[in-house]
Number of protein chains: 2
Amino acid sequence: MNTNFDIENFILDFSNSCQKKQKKVFSKNEVVTTYIKNRNQLCILLDGNADLVRYDLNGNRTIVEHFSKNALFGEVFYTITTNNELLVEAKSNCTVLFYSYDDIFHKCRNNCKFHQTLSENLPQLILNKVTDLNMRIELLTKRSTRDKLLGYFSLLSTRKLSTSFELPFSLTDLADYLSVDRSAMMRELKLLKEDGFIEKNGNRITLLYK
Amino acid sequence: MNTNFDIENFILDFSNSCQKKQKKVFSKNEVVTTYIKNRNQLCILLDGNADLVRYDLNGNRTIVEHFSKNALFGEVFYTITTNNELLVEAKSNCTVLFYSYDDIFHKCRNNCKFHQTLSENLPQLILNKVTDLNMRIELLTKRSTRDKLLGYFSLLSTRKLSTSFELPFSLTDLADYLSVDRSAMMRELKLLKEDGFIEKNGNRITLLYK
DNA sequence: TATTTTCCGTTGCAAAAGCAACACATTATG
DNA sequence: CATAATGTGTTGCTTTTGCAACGGAAAATA
């Protein structure tokens, strides 16, 4: 549907051509960045997996977003309030590019090809993010843990073009992502197995319905 | 924080200059648009209020987004699946501009000033939407009805710069927006009053804590 | 103005989800 | 390899939420 601009090649070709970015490598469990008001950072995950995690005042942990290769993140996408701490945590070894959104928006003085291409394609990149967020909202508005699980599984199944797939999360993290209690979720997973909706071997799920 | 481009003046100045748009007026409860795959419509709400509503297979109704003056909506922001019907319903009399996103993206042949300005400012407009969606996700990930209500109230209070404000929804619709049962929400509102967190007169809420 | 429709407020009861605790498996790490 | 840390799977109990139903208020409509 969307004019899917090839971020992959684009990044490979141009990631070294701009002076105003920083490239950093992180190892598992390191904090990639903390969201800070008014900084307007824009980051691109070149490689690896990372989670945007929120800790609220009660100490609850929520996985706000899960990022894989080529994901965009940073303060640009977020209104930071004082009630939460927002961190990006590396879930595996990661390579990340850091930009200032203001630089991108106003183009960098070198007028480098990267910035040119990026600013042309930025609307599309951000739109992709919007559709991701809308899918997330669709999941979160489901009224029961069962529906959240089935909704998420069907989404993964569509993405992988297969009724069988690995979860990109540990089950503990999946619960944080769906915003439900882990033990209640485990109970529901058991019921889904018993009721013949799914098969489950470790982190591999197979959908049986329809 | 964001270079806040003045959509209001922009729309006033240019809304009549482009050939490729349609302007329509709707009265309360009319369906403004239905989301259709591959159409890539982009709409701007010039005036009034409208809700993006989803009906799922179980007949559950969810208010996915609430739009007021100058809101952007349309299929561009959404991956449409077959499991849901997505409608925009006018909550009051509305005036709406309809564009094709493809026209905006590729600029219209007349090369009109509207399209020029719009495509320059589109990233910013979409970013505003992203931050809205992230706020919504923050609300929906709260674990209890109480926290959802308090979170939503504090958000409104921040926006209005006052501890006292009118809800933009009926209470029935608020429940659909927070994705909770209406009667359970009413019960929780009563408890919030009893516990001294809020005052409530009809749709006017006053925050008492802190 | 009379009447219909929608919304508000409430409640008892049933179902779902959260909490806490534990044993065991698996994976990191010294 | 031994040990620590993290993740999985399970359960009893408590709390929260959803469901269904109803009367009355408010708003829309004839």
Side-chain angles (χ1 to χ4, degrees), chain A residues 27-30 49 51 53 56 58-63 89-93 139-151 166-195 197-205, chain B residues 27-30 49 51 53 56 58-63 89-93 139-150 166-195 198-205:
Chain A
S27 42
K28 185 168 175 176
N29 292 324
E30 274 192 281
N49 293 285
D51 288 339
V53 179
D56 69 16
N58 310 325
N60 281 322
R61 176 177 186 269
T62 305
I63 296 184
E89 299 174 344
K91 302 300 283 183
S92 67
N93 295 351
L139 278 184
L140 291 172
T141 53
K142 307 241 183 232
R143 305 301 171 104
S144 63
T145 302
R146 168 165 294 206
D147 284 348
K148 286 181 183 176
L149 285 168
L150 288 178
E166 293 277 332
L167 296 173
F169 286 124
S170 71
L171 292 172
T172 305
D173 284 355
L174 179 59
D176 286 342
Y177 182 75
L178 297 179
S179 205
V180 294
D181 177 74
R182 186 189 63 88
S183 64
M185 187 191 81
M186 296 296 286
R187 182 162 39 207
E188 198 55 43
L189 279 172
K190 200 168 78 174
L191 291 174
L192 281 171
K193 278 192 287 186
E194 285 170 18
D195 294 351
F197 283 94
I198 62 167
E199 264 172 19
K200 174 172 175 304
N201 297 300
N203 278 28
R204 170 160 290 275
I205 304 286
Chain B
S27 41
K28 186 170 174 171
N29 292 324
E30 275 193 282
N49 292 285
D51 288 338
V53 179
D56 69 16
N58 309 326
N60 281 323
R61 176 177 185 272
T62 305
I63 297 185
E89 299 175 345
K91 301 301 283 183
S92 67
N93 294 351
L139 279 183
L140 290 171
T141 52
K142 306 241 184 233
R143 305 300 171 103
S144 64
T145 302
R146 167 165 293 207
D147 284 348
K148 285 181 184 177
L149 285 168
L150 289 178
E166 294 277 333
L167 296 174
F169 287 124
S170 71
L171 292 171
T172 306
D173 284 355
L174 179 58
D176 286 341
Y177 182 75
L178 298 179
S179 204
V180 295
D181 178 74
R182 186 189 63 86
S183 64
M185 187 192 78
M186 297 297 286
R187 182 164 38 207
E188 198 56 42
L189 279 172
K190 201 167 78 175
L191 291 175
L192 281 171
K193 278 193 287 187
E194 285 171 18
D195 294 352
I198 62 167
E199 263 171 22
K200 173 172 175 303
N201 298 301
N203 278 27
R204 170 161 291 274
I205 304 285

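Both backbone and side-chain heavy atoms feed into the values below; hydrogens, waters and symmetry mates do not. Since we're looking at a predicted model, the values are computed, not measured.
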Protein proximity profile, nucleotides 13-30 of chain D - base contact B, sugar-phosphate-only contact S, no contact -, cut-off 4.0 Å on heavy atoms | ----BBBBB---------

Any side-chain heavy atom of A/L149 within less than 4.5 Å of one from A/F197?
->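 A side-chain contact is absent here, since even the closest heavy-atom pair is not under 4.5 Å.
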
Compare all side-chain heavy atoms of A/L171 with those of A/R182 and state whether any distance is below 4.5 angstrom.
->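 Sidechains of A/R182 and A/L171: no contact.
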
Atom pair distance, as rounded to whole Å: [atom1] in [X] and [atom2] in [N]:
| X | N | atom1 | atom2 | answer |
| --- | --- | --- | --- | --- |
| B/F169 | C/dT6 | CZ | C1' | 17 Å |
| B/L191 | C/dT10 | CG | P | 11 Å |
| B/Y177 | C/dC7 | OH | P | 18 Å |
| B/D147 | C/dG18 | CG | C1' | 13 Å |
| B/L192 | C/dG9 | CG | P | 14 Å |
| A/D173 | C/dT26 | CG | P | 19 Å |
| A/R204 | D/dT8 | CZ | P | 16 Å |
| B/N203 | C/dC8 | CG | P | 6 Å |

Hey, is the main chain of [Y] close enough, under 3.5 Å, to the side chain of [X] for a donor-acceptor pair?
| X | Y | value |
| --- | --- | --- |
| B/S92 | B/N49 | yes |
| A/K28 | A/E30 | no |
| A/N203 | A/F169 | yes |
| A/D176 | A/T62 | no |

So what does B/K200 hit on the nucleic acid, given a heavy-atom distance under 4.0 Å: a base, only sugar-phosphate, or nothing?
->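 Contact class for B/K200: sugar-phosphate only.
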
Base, sugar-phosphate, or nothing: which does A/K148 touch, judged by heavy atoms less than 4.0 Å apart?
->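 A/K148: no heavy atom of the nucleic acid under 4.0 Å.
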
OP1 or OP2 of C/dT11 under 4.0 Å from side-chain N/O of B/K190 |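 Indeed, a polar side-chain atom of B/K190 lies that close.
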
May I ask you to verify if any side-chain N or O of B/T172 is less than 4.0 angstrom from the OP1 or OP2 atom of C/dC8?
->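 B/T172 to C/dC8 OP1/OP2: side-chain N or O found under 4.0 Å.
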
Among D/dT11, C/dC7, D/dG9, which is the nearest nucleotide to the side chain of B/S170?
->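 That would be C/dC7.
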
Of all the choices, C/dT11, D/dT8, C/dC8, which nucleotide is nearest to the side chain of A/M186 once you look at every atom?
->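 For A/M186, the side-chain atoms sit closest to D/dT8.
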
Identified side chain to side chain donor-acceptor pair (under 3.5 Å) partner of B/E188 from the options B/K193, B/R146, B/K148 =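 Checked B/K193, B/R146, B/K148 against B/E188; only one passes side chain to side chain donor-acceptor pair (under 3.5 Å): B/R146.
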
